[in-house]
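Notes follow once the structure below has been shown.
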Amino acid sequence: MAKLHKKLKRVKIHREGTDILVVTFVLLLILNVLIWSLSTPWGIATSIITGIFYLLLVNFFRSPKRHFTGNEENVVVSSVDGTVVALEEVYEPEYLKRNCIQLSVFMTLFDVHANWFPVNGEVIYTAHHHGRFMSAWLPKSSTENERSTIVIRTDDGQEILVRQIAGAMARRIVTYAEPGMEANIEDHMGFIKFGSRVDIFLPLNTEILTQLKQKTIGGITEIARLRPESEANNKEGEI
């Protein structure tokens with residue numbers, strides 16, 4: 001029991017889920033009381049189903065505190081928990097307006113949905129775009145789905161673009177980043193509710209440390225290392 005108590009104390013709920021969890025708990029409690037008053041067998045079944053559903057909801061809104069223990073110099077960490085679903089050279093038309101390496105991580109309903117800053121630096125640009133709610137697996141979701149864009153300038157002047165993308169079930173993107181804000185890889189950049197994806201656009205000369213289908217942990221997994229800005233214009237990265 002002592003070990004279980006310690007584990008429960010370490011489970012922190014993200015602020016984006018507090019109201020939802022409270023309201024859902026009250027509604028499910030009322031539902032269970034009504035069903036139990038009508039039928040004991042149905043009451044048992046309802047309690048099991050709603051209990052599992054509520055535990056899944058709590059799991060979705062968990063917010064672990066994470067500390068990066070590696071070398072922070074020029075490091076790029078994954079912004080989210082999930083699976084790498086895209087790693088390719090593309091043209092970024094919104095802000096960078098140049099070819100970049102696009103590295104995308106897809107989150108399922110069972111992953112932590114808090115978003116961490118991928119690099120240290122200063123937030124210089126943010127924008128929210130209304131759009132569709134196609135599956136976040138699809139390449140078009142990066143430019144056609146509901147999304148938010150954040151650009152961070154690193155200490156040596158390189159600009160890294162991060163895009164939070166809503167999926168088929170995600171209906172709300174929360175972005176904490178604002179221009180002028182300091183970005184730190186241990187801090188939350190935002191939150192996406194219910195299944196989604198995050199794209200990171202990196203200079204072509206970036207050293208990639210991950211691969212397709214690899215699992216990542218937000219704020220922890222090193223996915224790339226930036227090379228000095230002076231190399232960006234005369235070297236191409238290898239994916």
Side-chain angles (χ1 to χ4, degrees), residues 74-108 111 113 115-119 121 124-129 131-154 156-168 170 173 175 177 183 185 189-190 192 195-239:
N74 296 322
V75 72
V76 182
V77 300
S78 177
S79 284
V80 293
D81 293 11
T83 304
V84 178
V85 295
L87 185 56
E88 58 186 338
E89 180 178 333
V90 299
Y91 180 79
E92 199 295 301
E94 178 182 349
Y95 181 90
L96 299 175
K97 302 186 186 303
R98 62 172 181 264
N99 283 1
C100 305
I101 297 173
Q102 177 183 327
L103 196 160
S104 304
V105 178
F106 177 80
M107 295 169 279
T108 70
D111 290 314
H113 272 56
N115 305 161
W116 281 261
F117 287 106
V119 294
I124 60 172
Y125 172 85
T126 61
H128 181 80
H129 306 278
R132 302 168 65 184
F133 294 96
M134 298 184 294
S135 171
W137 278 91
L138 299 174
K140 286 186 177 181
S141 67
S142 183
T143 55
E144 296 187 15
N145 276 22
E146 184 94 8
R147 61 200 182 278
S148 287
T149 301
I150 302 101
V151 179
I152 304 160
R153 181 180 291 129
T154 64
D156 71 344
Q158 300 195 66
E159 295 179 348
I160 308 302
L161 187 146
V162 190
R163 184 167 290 138
Q164 300 170 286
I165 302 168
I173 297 174
T175 304
I185 57 177
M189 177 182 70
I192 313 178
S196 43
R197 147 180 170 170
V198 168
D199 293 347
I200 302 176
F201 294 83
L202 303 164
L204 290 178
N205 69 326
T206 301
E207 178 187 5
I208 301 300
L209 303 176
T210 188
Q211 57 187 355
L212 288 173
K213 299 183 180 179
Q214 179 177 325
K215 296 289 185 179
T216 66
I217 301 174
I220 298 294
T221 303
E222 297 184 32
I223 57 175
R225 280 205 175 269
L226 301 173
R227 292 193 172 100
E229 187 181 21
S230 59
E231 299 180 17
N233 295 326
N234 51 37
K235 289 185 179 180
E236 290 188 352
E238 293 182 1
I239 300 179

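Because the structure is predicted, anything quoted here is derived from the model rather than measured. FYI, side chains are in, hydrogens and waters are out, and symmetry mates aren't considered; it's all heavy atoms of this structure.
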For the atom pair [atom1] ([X]) and [atom2] ([Y]), what is the distance rounded to the nearest 0.5 Å?
X	Y	atom1	atom2	answer
Y91	C100	OH	SG	9.0 Å
S148	N115	OG	CG	10.0 Å
E146	H128	CD	NE2	3.5 Å
L161	I150	CG	CD1	8.0 Å
L103	I208	CG	CD1	5.5 Å
Q158	N74	CD	CG	7.0 Å

Contacts of Y125 that satisfy side-chain contact (heavy atoms from CB on, under 4.5 Å) - sequence neighbours left out: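 For Y125 the side-chain contact (heavy atoms from CB on, under 4.5 Å) partners, ignoring immediate neighbours, are E94, Y95, A127, T149, V151.
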So which atom in [X] and which in [Y] form the shortest heavy-atom distance, rounded to 0.1 Å?
X	Y	value
W116	I185	CD1-O, 3.4 Å
Q211	V84	O-CB, 3.4 Å
I192	R197	CD1-O, 4.0 Å
A183	F117	CB-CD2, 3.6 Å
A166	I173	N-CD1, 3.6 Å
S78	T216	OG-OG1, 3.0 Å

Worked verdict on I124 versus I152 for side chain to side chain contact (heavy atoms under 4.5 Å, CB included): CA-CA 6 Å; I124 60 172; I152 304 160; over 6 Å; no
Could you tell me if the side chain of [Y] sits less than 4.5 Å from the side chain of [X], heavy atoms only?
X	Y	result
S104	D199	yes
V90	E92	no
V105	S79	no
I220	V77	no
V76	I160	no

I217, CD1 atom: more than 12 neighbouring heavy atoms under 6.0 Å: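 Count not over threshold, so no.
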Salt bridge (Lys or Arg N to Asp or Glu O under 4.0 Å) involving R98 - partner list, sequence neighbours excluded: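 For R98, no residue satisfies salt bridge (Lys or Arg N to Asp or Glu O under 4.0 Å) once neighbours in sequence are set aside.
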From CA spacing to verdict: side chain to side chain contact (heavy atoms under 4.5 Å, CB included), T210, T221: CA-CA 9 Å; T210 188; T221 303; 5.8 Å; no
